[in-house]
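Since the structure comes first, as structure tokens, the remarks are kept for the end.
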Amino acid sequence: MNNDQTPPVSNFIRNIVMRDRETGKHDKIITRFPPEPNGHLHIGHAKSICLNFGIAAEFGGATNLRFDDTNPLKESDDFAQAILNDVRWLGFEWTELRHASDYFQQLYDFAVHLIRNGKAYVDSQDAEAMRSRRGTLKDPGTDSPYRDRSVEENLDLFERMKNGGFADGEHVLRARIDMASANMNLRDPAIYRIRRVTHHRTGDAWNIYPMYDWAHGISDAIEGITHSLCTLEFEDHRPLYDWFLENIPATCHPQQIEFARGNLDFTVMSKRKLRQLVEEGHVSDWDDPRMPTIAGLRRRGYTARSIRTFWKEAGVSKAESIIPMGVLENAIRNDMNENAPRVMAVLDPIKVVLTNYPEGESEWLQAPSHPQNPEMGHRSVPLSREIWIERADFMEDPPRKFFRLRPGGEVRLRNAFIIKCNDIIKDSDGSVTEIHCEFDPDSRSGLPGAARKVKGTIHWVSAEHGINAEVRLYDRLFNVANPLADKEKDYLEFLNPDSLSVVSSAIVEPTVAQGQPGDFFQFERVGYFTIDQDSKDAARPILNRTVSLRDSWAKINR
RNA sequence: UGGGACGUGGCCAAGGUGGUUAAGGCACGGGGUUUUGAUCCCCGCAUUCGCAGGUUCGAGUCCUGCCGUCCCAGCCA
């Protein structure tokens, strides 16, 4: 499950858990990951997943996956299935799969218990009235006129709410706490509302549904969760979490601990905004490779391991942060550098003719799949008289320190021969259409003559054997680090119009055409690429650029 | 004086009960290796922990005050 080799990183939650084991407060640690099935998981959720599953796994505990399915208006089984799939893909297996809806009856019974003890009442104000009586951040609220209904009346009303005797919004069950509390959450929070809609799991069995605060802590207690980890915005809810558990006959009292969400720059991370990007067509779907969703990252070519490593390196604290995208990119580069087979592909081709190479002939060269790892083996790469090289690898009038091909200059063809540029052919506009070179037969890779030093090595693909491919180049979704920072402008105004560019005439070596969707490669000197799920035809593979290689040459030229 | 929280180098972040050289990663700068200007390997990178006082032989760790940032007024989660 948590198969990443490096030792665990210290953080305040892990410290609490360790202390709780040392002191004997708990001998088994039980955590839970509680998504609401109303959207897809994103990289931020992955932080919570890694934390919850990671902590439990490290200390020999258990982690439940529990759907917080208390709002049937927004939830669906499709989302639930996608979430399950994403969690598994990330490399985690839950101990038990639960649903808050599994506990609807118990939740209801506990609510009755509260009513019996005078700790809850049915309020018949409408939402507007409730809001106006709630007070403000600085001023206390005022009691509802229904606050002192008798237990019998409350019991009766609540039961009739459950049985469908009222329309949505007619009544609500509220905890009877303190309308003057400085903590807004304690000003008689609603715990049940009427919603006569079909729930994706319980169907039409219920006409009332519990609110998050009521359902969450009790569900934790029912499952014997020891540490209930959530994000910072629930800090204010903790007194309520505790109040509920103190006022029902709960068998245990989990400890809620809050940590900061992890944000990334150049993207947005709220489900609402991600949904908007999808629904308004700014991206193709939830799994668009530019999306920070798990599905998007997966399709982009990110591995589960790289995402786990990323969050491990980012750490867990209570300080809100925005992590540079480069850190995530670094994680996938490290992973792919180690595991991606090397291959050659030319994205922006220009033709080179090897003038002393016999016409009509070709040969297959052996090239290592990984320069540092012989265990990854070799592949065969065809060479013939005409080859494609990257347009950017030739300059007629190059600047200083340009190590690539130039008129009269020599360069090594990766895994093949050293070539020398003797001539260039131009069209009527004066742009180069063809480069004539002669190759040095003695410099063939593996031969002693190959030891000759030449400054540059470039990649290439045989024109005769190369396969035409579509390559999708992705860039950041937004062109500012924090699209939400500007209060004057809508974040959509910062969408990067160049976040996707399609290269329709890339040429890849034959090896690539044998791959399946999900397979990844390093295009040497270019970047890491993954075969997209749209790729159906071996004669024309479709690849996504996961991330480019580091490019210090580009950096110098900036 | 509504309440709750946070503030360690450009970005994350470690720093139980104060003890003395402030981890690590990313980024950055310099050097080396290299048939990927990739990788890899060295070296450098906070006399200082939001600021100001105080307690102490000794404080990032304790106290006081101030400043800055975030969250809370859903019958959302």
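Residue numbering restarts at 1 for every chain, and letters A, B, ... go by the order of the sequence lines.
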Just label B:rG9 as syn or anti from its O4'-C1'-N9-C4 or O4'-C1'-N1-C2 angle, using within 90° of 0 for syn.
anti

Please tell me which of the listed nucleotides, [options], lies nearest to the side chain of [X]?
X: A:A314; options: B:rC76, B:rA73, B:rC12; answer: B:rC12
X: A:P371; options: B:rC12, B:rC75, B:rA38; answer: B:rA38
X: A:S10; options: B:rG37, B:rG15, B:rA38; answer: B:rG15
X: A:R195; options: B:rC76, B:rG2, B:rU36; answer: B:rC76
X: A:R404; options: B:rG37, B:rA27, B:rC75; answer: B:rG37

Can you find a donor-acceptor pair, distance only, under 3.5 Å between A:E320 side chain and B:rU69 base?
no

With a 3.5 Å cut-off and heavy atoms only, can you find an N or O donor on one side and an acceptor on the other between the side chain of A:R131 and the base of B:rG74?
no

For [Y], does its backbone N or O pair with a side-chain atom of [X] as donor and acceptor, under 3.5 Å?
X: A:R275; Y: A:N38; value: yes
X: A:D126; Y: A:A129; value: yes
X: A:R412; Y: A:A450; value: yes
X: A:N154; Y: A:V122; value: yes
X: A:T267; Y: A:P292; value: no

If you round to the nearest 0.5 Å, how far is [atom2] of [Y] from [atom1] of [X]?
X: A:L328; Y: A:E313; atom1: CG; atom2: CD; value: 10.0 Å
X: A:F520; Y: A:T546; atom1: CZ; atom2: OG1; value: 9.0 Å
X: A:I332; Y: A:T530; atom1: CD1; atom2: OG1; value: 7.5 Å

Hey, is the side chain of [X] poking within less than 4.0 Å of OP1 or OP2 on [N], counting only N and O atoms?
X: A:K555; N: B:rC28; result: yes
X: A:R550; N: B:rA27; result: yes
X: A:R193; N: B:rA77; result: yes
X: A:N373; N: B:rU39; result: no
X: A:R333; N: B:rG25; result: no
X: A:S552; N: B:rA38; result: yes
X: A:S321; N: B:rC11; result: no
X: A:R261; N: B:rC6; result: no
X: A:T457; N: B:rU34; result: no

Across the strands shown, which category fits [X] at heavy-atom distances under 4.0 angstrom: base, sugar-phosphate, nothing?
X: A:E36; result: sugar-phosphate
X: A:D126; result: base
X: A:G446; result: base
X: A:A260; result: nothing
X: A:A127; result: base

Closest-nucleotide 5' rank along RNA chain B - winner of A:L137 and A:N15:
A:L137

Hey, which of these two, A:K318 or A:I322, hits RNA chain B nearer its 5' end, going by closest nucleotide?
A:K318

Relative to the ring of A:H42, is the ring of A:H45 parallel (under 30°), tilted (30 to 60°) or perpendicular (over 60°)?
tilted

Could you check A:V454 against A:V411 for side chain to side chain contact (heavy atoms under 4.5 Å, CB included), going step by step and ending with a plain yes or no?
CA-CA 6 Å; A:V454 277; A:V411 78; over 6 Å; no

Given ring-ring contact (aromatic ring centres under 6.0 Å, His included), test A:Y192 with A:F158 step by step and report yes or no.
CA-CA 9 Å; A:Y192 269 96; A:F158 188 46; 5.3 Å; yes

Using the [atom1] atom as the reference point in each nucleotide, state the distance between [N] and [M] in Å, no decimals.
N: B:rU21; M: B:rU17; atom1: C1'; value: 23 Å
N: B:rA27; M: B:rU20; atom1: P; value: 31 Å
N: B:rU56; M: B:rC67; atom1: C1'; value: 26 Å
N: B:rG68; M: B:rC75; atom1: C1'; value: 37 Å
N: B:rG15; M: B:rG32; atom1: C1'; value: 34 Å
N: B:rC28; M: B:rU64; atom1: C1'; value: 39 Å
N: B:rG16; M: B:rG9; atom1: C1'; value: 25 Å
N: B:rU69; M: B:rA59; atom1: C1'; value: 25 Å

Do A:Y212 and A:H216 have ring centres separated by under 6.0 Å?
yes

For [N], which nucleotide in any strand shown is its Watson-Crick or wobble partner with both distances under 3.5 Å?
N: B:rG16; result: none
N: B:rA5; result: B:rU69
N: B:rG44; result: B:rC28

Listed by chain and number, what are the side-chain contact (heavy atoms from CB on, under 4.5 Å) partners of A:R238, not counting sequence neighbours?
A:E235, A:D242, A:Q256, A:E258

Applying the side-chain contact (heavy atoms from CB on, under 4.5 Å) test to A:V343, which of A:V381, A:V461, A:T511, A:V508 qualifies?
A:T511

Mark this stacking check for A:Y212 against B:rA77 as yes or no, applying ring centres under 5.5 Å and ring planes under 30°.
no

Positions of [range] (non-hydrogen atom under 4.0 Å from RNA chain B), listed by number:
range: residues 324-332 of chain A; answer: A:P324, A:V327, A:N330
range: residues 169-187 of chain A; answer: A:G169, A:V172, A:A182, A:M184
range: residues 232-245 of chain A; answer: A:E233, A:F234, A:E235, A:D236, A:H237

Is A:R201 paired with A:D77 through a side-chain N to carboxylate O contact shorter than 4.0 Å?
no

Polar-atom pairs under 3.5 Å, protein N or O versus N or O of nucleotides 20-22 of chain B: list them with distances, or write none.
none

Can a side-chain donor-acceptor contact be found between A:R174 and A:Y146 if the only test is distance below 3.5 angstrom?
no

Less than 4.5 Å apart, side chain to side chain, heavy atoms only: is that true for A:V268 and A:Y491?
yes

Considering only distance and modelled atom types, tabulate donor-acceptor pairs under 3.5 Å from the side chains of residues 161-172 of chain A, sequence neighbours left out.
unit_1, atom_1, unit_2, atom_2, d
A:N163, ND2, A:E159, O, 3.3
A:D168, OD1, A:R196, N, 2.9
A:E170, OE1, A:A167, N, 2.7
A:H171, ND1, A:S124, OG, 2.8

